[in-house]
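Counting convention: from 1, in listed order, for ligands and their atoms alike. When a residue number appears, it is its place in the shown sequence, counting from 1. None of the values given here were measured: they were computed from a predicted structure.
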Amino acid sequence: MSEQTLIYEKSVPGRTGYILPNTSQSETDIMSRIPGKWRRATEAALPEVSEPIVMRHYVNLSTKNHHIDKGFYPLGSCTMKYNPKMNDVAASLPGFSNCHPLLPDSAVQGCLQIMHELGTFLGEVSGFPAVSLQPVAGAQGEFTGLLTMRAYHAERGERRNKVIIPDSSHGTNPATVTAAGWTVIQIKSNADGIISPETVAEAMDETVVGMMMTNPNTLGLFESNIAEICRIVHAKGGLMYMDGANLNAHMGIFRPADSGFDMMHFNLHKTFTIPHGGGGPGAGAVGVIAALAKHLPSPVVVKESNGQYKLDHNRPHSVGRLHAYVGNFAHMVRAYAYCKALGGKGLREVSENAVLNANYVKALIKDDYDIPYDHPCMHEFVASGNRQKKLGVKTSDISKRLLDFGMHAPTN
Ligand SMILES: *Cc1c(COP(=O)(O)O)cnc(C)c1O
């Protein structure tokens with residue numbers, strides 16, 4: 001019952017939810033020091049309640065939303081990772097959270113060191129020697145990658161204008177190509193749900209900037225022809241971009257740079273602890289091969305020979321700035337804390353568990369649902385509601401029913 005009472009109805013004139021330190025000045029004195037043009041003519045009609053009532057009001061509101069701390073929330077890659085609270089605590093430490101982005105490098109050596117080392121960790125996981133932490137979303141990482149491709153071709157005096165993208169790709173891939181002013185060549189996956197080298201060879205020519213591939217792809221399948229596909233694209237002068245949104249499936253097992261990719265983005269909010277799902281700020285770091293490092297967004301954190309870190313703004317070949325300051329710094333602290341806590345072995349274990357769990361769930365439901373590509377999957381798989389449809393049950397009915405069990409499945 002009490003939950004249905006509005007906080008306004010609980011208001012008692014004169015009641016407050018705070019105690020100010022003793023001061024010789026009255027509230028009127030304090031108010032009079034605020035210039036008149038910024039003062040309200042009349043008091044705001046706010047409820048006057050005690051502190052516990054305010055607290056309960058907001059806590060009650062927070063539990064009306066479904067969220068990852070309240071129940072299972074399988075809304076996609078952002079929610080499918082491990083989110084230890086300790087990393088949020090690390091990001092909230094006052095030394096980080098009170099730090100102003102315009103402080104001189106000498107005053108923020110610790111922050112710069114974290115950024116530098118996180119770049120190294122991501123480099124070890126991916127095989128790419130240069131990493132920019134500046135982009136704040138996977139999509140912005142993609143845009144950074146395409147700008148890098150443009151800079152690379154421009155340096156060779158080439159103007160290419162098409163990008164090859166598989167039909168299974170995430171919507172941001174074609175959207176980013178369009179934003180870059182280029183045209184998408186969409187190619188089809190084969191009967192096994194992956195891309196065949198022949199399909200790429202047919203689409204590839206000297207007008208193609210490069211190709212974007214997600215691995216494992218959005219069907220949860222490993223693109224086992226990558227090395228051959230990279231050779232085909234490179235032979236005609238194109239570059240290979242890996243959409244790394246699904247990196248959670250292969251940390252410490254497969255390094256994208258080793259198979260011939262030239263660049264990738266990391267969705268730190270899908271792989272490295274950052275809470276996400278339902279929106280909120282992200283982090284879309286980008287890793288590139290050595291030859292492309294000079295094009296990465298500016299500024300770049302460098303370590304000088306005297307051991308000092310600094311933000312290097314003198315990057316004449318850089319694609320420029322993608323975001324204010326250095327990107328979402330608190331997310332870098334989270335990802336850093338996660339890597340430090342788990343270590344290389346721990347990150348590999350995360351991926352092994354993700355793959356094992358997905359295959360386990362697949363085995364549990366495969367007798368009841370059609371599985372269109374029934375191979376061992378990576379960290380996710382696709383099930384079809386075809387069989388249920390014949391009985392008059394739609395997939396949206398199934399996902400709505402999951403809500404009754406406290407699981408917020410994608411229900412549109
Ligand atoms: C989530 C996702 C993206 C886009 O990442 P955002 O951080 O949401 O911009 C790109 N590709 C794939 C495969 C994804 O899952």
In terms of side-chain heavy atoms, does Arg156 have a donor or acceptor partner in His153 at a distance below 3.5 Å? no

Heavy-atom closest pair (Met213 atom, Pro166 atom, distance to 0.1 Å) is CG-CG, 4.4 Å

When you pair each N or O of ligand 1 with protein N or O atoms, which pairs come out under 3.5 Å?
| unit_1 | atom_1 | unit_2 | atom_2 | d |
| --- | --- | --- | --- | --- |
| ligand 1 | 5 (O) | Asn267 | ND2 | 2.9 |
| ligand 1 | 7 (O) | Gly138 | N | 2.7 |
| ligand 1 | 7 (O) | Asn267 | ND2 | 3.1 |
| ligand 1 | 7 (O) | His269 | NE2 | 2.7 |
| ligand 1 | 9 (O) | Gly138 | N | 3.3 |
| ligand 1 | 9 (O) | Ala139 | N | 2.9 |
| ligand 1 | 11 (N) | Asp243 | OD1 | 3.2 |
| ligand 1 | 11 (N) | Asp243 | OD2 | 2.5 |
| ligand 1 | 15 (O) | Lys270 | NZ | 2.8 |

Applying salt bridge (charged side-chain N to carboxylate O under 4.0 Å, His left out) to Glu228 and not counting sequence neighbours gives Arg231

Does a side chain donor of either His323 or Asn328 reach within less than 3.5 Å of an acceptor in the other side chain?
-> no

Indicate whether any N or O donor in one side chain lies under 3.5 Å from an N or O acceptor in the other, for Tyr336 and Glu117. yes

query = Below 6.0 angstrom between ring centroids: does that apply to Tyr373 and Phe381?
reply = no

